[in-house]
Amino acid sequence: MTRNFANTLCGLLAGSASLCSCGTDAPAPYGPVPTPAQLEWQKMETNMFCHFGPNTFTNAEWGTGQEDENVFNPTAMDCRQWASIAKAAGMKGIIITAKHHDGFCLWPNPVSRHTVAQSSWKDGKGDVLRELSDACREYGLKFGVYISPWDRNDPAYGTDEYNEVFRQTLSSALGNYGPVFEQWFDGACGEGPNGKVQVYDWDLYHGTVYDLQPEAVIFSDVGPGCRWIGNEAGYAGETCWSTLDTAGFAPGTAAPATESLNSGNPGGEAWIPGEADVSIRPGWFYKDSENDKVKTLSELLGIYYASVGRNSLLLLNVPPDRRGLICGTDSLRLMEFRSALDKIFAEDLSDGAIAEATSVRGGSKRFEASNILDDNYDSYWAADDGVNEASIVVSLGGMRTFNRIMLQEYIPFGQRVAEFSVDVRDSSGTWRRAAEATTIGYKRILLTDRLTSDAVRINIEKSFACPVLNGFGLYMDEITGETEGWDEPDDSGNVKKSSEPLVLDLGKTVVAEGFYYTPKKRGSGGCIISYDLEFSTDGKTWTGMYSDKLFENIVNNPVRQAVRFSEPVELRYLRLTPLRTSAEETYGVSGFGILK
Ligand code: FUL
């Protein structure tokens, strides 16, 4: 009790980078560090995105701006329903598309003639921002807004005058609905109704946000609060720095390369952590036609591990339907997602463990290794200055079986670790390598095989300054289906001729519940769009499973495609024959296997 209290106090002092009176000084911060608002934001981990507007009623993804205001007419809108679902799903905040590219404002924006006030919805008296911000407050959620600078409706778009109109738009949305935790700026910049492209005045926009909402974290391709993760599929890089170099870059076409956004820049000049935005459906806006394409539980878990588990926030879009409600399919999936996460992370198998490090800063109890095992965010292990390689052995006090290893760096002192590995000790007392990785950051979750061990060794192999860790956990995920096949972790996969089928030989007959195909990153080399799939137990007699089947949306979103069979099948061989590919002569492949 006393020690924890002392730790908390020291941690708090250390967090504000002051010296502590406990003997040895806390480590000096390394490089840029998060502001208090960025730190609070990082701890939110998962938030809900709501794309809602005229597109919901026209099946469009990008409205033209010419839509009649009366198109927006939700029949039973209830933002309390959105908030209660988000809360039950464990989300910490909701971000709403207050204005998408079509320019329609979900609140009565006095500087626009294209808003809810001009619609007959609620006789022009409706205000989605009012209802949602109230609902968020009631449910203890934070409230955020997406406001697109690109405006296909505003006649001034493309002129200097528009920057002033947009400033007033921001003021009206940010000044009247209470605290806004995140301002989401899309970098899109197309032509306006006058045929002209706008030169955005980002300094003016940012200044306006900070005047009204000093605590808001501003999202864009280059921050300044947080950054786009470089894809709309919800995955951060295996390496993911919260630091980014932004000199010479701007949101939109002048953004850094998507690799930089995905991985950040080691030693980057500014603290701009990643946010992975992804929709629970193929599109961002609700469409009846996509009700059967809501992401599966295992896809959502995969996204969670690849975002929150890789030092990024997850912003999961759950678009309300034409009634103005989140539909049953989506809310049910969210509840499955939450209960799966609760189940996986319910028991930390390192509870009761003992930790010892090769270096403890100043030999002080305040920095000892066991600090990574408690639940106090501000108590941490730190090595001595100049010690950039160190190990911690966590003794579990008995054999434990797990397949997820969670680590946290104490980011108030910056992000330091660039390479690390984890070993486990098996029943014969032999240490075996379980995982090797690069960055940790606020949170890293390593996915391993099922391991049974009585001790875990964390080896920090390269750190830009003495390592500082504050969290560790071991978990068993029995829910995410195991796979067998192959995946190229570094995406060094093949490019094959379109006429060449992909054949998998598992070496023995197994029961498969589906299969997966992963194109190369960003679809390089092209990807398979439609295909035939056959299976066989002997490699001679083949049975057709699918003919001319589509990988939907694969061209825009070239990520791993997981297809579940209607019933399990016994097979040893699987043959995927491309019928149509996005590049004429070739297709890329970095993964192909079965789902079990
Ligand atoms: C993109 C937009 O163009 C999409 O419509 C969507 O809003 C997504 C979150 O950001 O850049």
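Counting starts at 1 for both ligands and their atoms, in listed order.
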**Q** According to the ring-ring contact (aromatic ring centres under 6.0 Å, His included) rule, which pairs have a member within residues 275-302, sequence neighbours left out?
**A** F49-W284, H51-W284, H51-F285, H100-F285
**Q** Please list, chain by chain and in numerical order, all residues satisfying side chain to side chain donor-acceptor pair (under 3.5 Å) with T169, sequence neighbours excluded.
**A** N109
**Q** Quick check, are the ring centers of F104 and F52 under 6.0 angstrom apart?
**A** no
**Q** Which word best sums up how the rings of Y200 and Y157 line up, parallel for under 30°, tilted for 30 to 60°, or perpendicular for over 60°?
**A** perpendicular
**Q** In terms of side-chain geometry, is the basic nitrogen of K196 or E191 positioned less than 4.0 Å from the acidic oxygen of its partner?
**A** no
**Q** Once side-chain hydrogen bond (donor to acceptor under 3.5 Å, both in side chains) is applied, what residue pairs with a partner in residues 175-187 remain, sequence neighbours excluded?
**A** W41-E182, D127-Y177, Y146-D186, W184-E275
**Q** Which pairs of N or O atoms, one from ligand 1 and one from the protein, are separated by less than 3.5 Å, and what is the distance for each pair?
**A**
| residue | atom | partner | partner atom | Å |
| --- | --- | --- | --- | --- |
| ligand 1 | 3 (O) | W62 | NE1 | 3.0 |
| ligand 1 | 3 (O) | H101 | NE2 | 2.8 |
| ligand 1 | 5 (O) | W62 | NE1 | 3.1 |
| ligand 1 | 5 (O) | H100 | NE2 | 3.0 |
| ligand 1 | 7 (O) | H51 | NE2 | 2.7 |
| ligand 1 | 7 (O) | H100 | NE2 | 2.9 |
| ligand 1 | 7 (O) | Y146 | OH | 3.2 |
| ligand 1 | 10 (O) | D186 | OD2 | 3.0 |
| ligand 1 | 11 (O) | D186 | OD1 | 3.4 |
| ligand 1 | 11 (O) | D186 | OD2 | 2.7 |

